Structure formats: structure tokens, C-alpha cells
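Notes for the one structure printed next.
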Amino acid sequence: AVAGAALFEPVELKGEHLNVAKISDSGKKQRKNWTSMWTVLTLDQLLFNKDRQQESAQKPGSKTDVVQLCGAVVEWTTEKSSRKNVFQITTNTGSEYLLQVESNSTASKWYDAIRKAVNSSTKA
Ligand code: I3P
């Protein structure tokens, strides 16, 4: 069986639907399209999947979007969306994601955990 590293990585934060919009793919601007994604944070990756069953699967053909956090930049933004509680993740390959959730505390929890993962995976 082919299994990705994500399967074996400790999960730091999981089990939440966040609104996600990928606005740039390796520097190429994408049309903004907010989608509710089941989100899992590992030590150094953020995994997005529409389907919570596949939350940690990283197989060829699976629809899991894997965001490498090493070298990423995470910041709150009020300019890139009219929504509240929006923060942006810019990866070291130039992809940009907006993440949003209605609850302030949920947004802060994810923001803090993702920043922590970025810091520790970037130093490692
Ligand atoms: C976009 C859609 C987004 C909105 C975006 C619109 O329109 O309404 O929800 O972003 O605003 O362009 P469409 O569906 O026609 O692509 P927010 O909800 O984040 O404000 P934007 O162009 O100002 O980013």
C-alpha cells in the first residue's frame, strides 16, 4: 500500500470544518472560491479534505490538499476578504490560502496552532 507521511504524523489539531479559499497556486492567482473543508493540522502540514473520512489519507488520487508549513508565513488579514476572522497562509512555494470561521475563538485557536507548527517546522 502506498501511504504518505501524513498518515504517520502526530495530529496536533483536528476535526473541524474551516472555510478555505486558495487564492494563489505557486504564485498563480486563483479565482476565490470559499469551500468548507475538513481540516487537520499535523506537526508540519495542514491537510484539507472535503470528506472527513479521508482526513489523514494522502494517497495518489485522494482529494486531500497538503499544505507544507515549513517556511510558510501566517497572518491575519482584513483586506483580502469582507469576512471576519480571516487569516492567510503563504507557503514557501508561493501558494496562498485564506482560512475563515465564524467563531473568534475557533479562528484564534487554529491561527495559534498553525503559527506554532510553522515556527517549529521552520527551525527544525
Ligand atoms: C466572490 C465571492 C466571494 C468574495 C469575493 C467575490 O465572487 O463573492 O465570497 O469574497 O470577493 O469576488 P464570485 O463568487 O463571483 O467569484 P469574500 O467573501 O471573502 O469577501 P473579492 O473579489 O473582494 O475577494
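One-based numbering along the sequence shown. For ligands, and for the atoms within them, numbers begin at 1 and follow the listed sequence. Note that this is a predicted model, so its numbers are computed, not measured.
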TODO: Give the cluster check for I114 versus V67: same hydrophobic cluster or not, with ILVMFWY residues linked at side-chain heavy-atom distances below 4.5 Å.
DONE: yes
- [ ] Looking only at protein heavy atoms, identify the closest one to atom 10 (O) of ligand 1 and say how far it is in Å.
- [x] K32 NZ, 3.0 Å
- [ ] Ignoring hydrogens and angles, tell me if any N or O in the side chain of T91 forms a donor-acceptor pair with the backbone of L69 under 3.5 Å.
- [x] no
Open item on the list: Can a donor-acceptor pair be found, under 3.5 Å and without considering hydrogens, that links the side chain of S36 to the backbone of N19?
Closed with: no
Task: For atom 20 (O) of ligand 1, closest protein heavy-atom neighbour - done: S82 OG, 2.6 Å
Open item on the list: Just to confirm my output: which protein heavy-atom neighbour is closest to atom 19 (O) of ligand 1, and how far is it?
Closed with: S81 OG, 2.5 Å
Task: Any protein heavy atom < 4.0 Å from atom 22 (O) of ligand 1 - done: no
Task: Flag if over 12 foreign heavy atoms under 6.0 Å of NZ, K50 - done: no
Open item on the list: Starting from atom 9 (O) of ligand 1, what is the nearest protein heavy atom, named by residue and atom, and what distance separates them?
Closed with: W34 CD1, 3.6 Å
Task: Between Q100 and W34, a side-chain donor and acceptor under 3.5 Å - done: no
Open item on the list: Would you say atom 12 (O) of ligand 1 makes contact with the protein, given that contact here means a non-hydrogen protein atom less than 4.0 Å away?
Closed with: no
Task: Heavy-atom nearest neighbour in the protein, as seen from atom 14 (O) of ligand 1, with distance rounded to 0.1 Å - done: R31 NH2, 3.9 Å
Task: Side-chain donor-acceptor contact under 3.5 Å, T77 with E75 - done: no
Open item on the list: As a test of the contact definition, would atom 7 (O) of ligand 1 count as having a protein heavy-atom neighbour under 4.0 Å?
Closed with: no
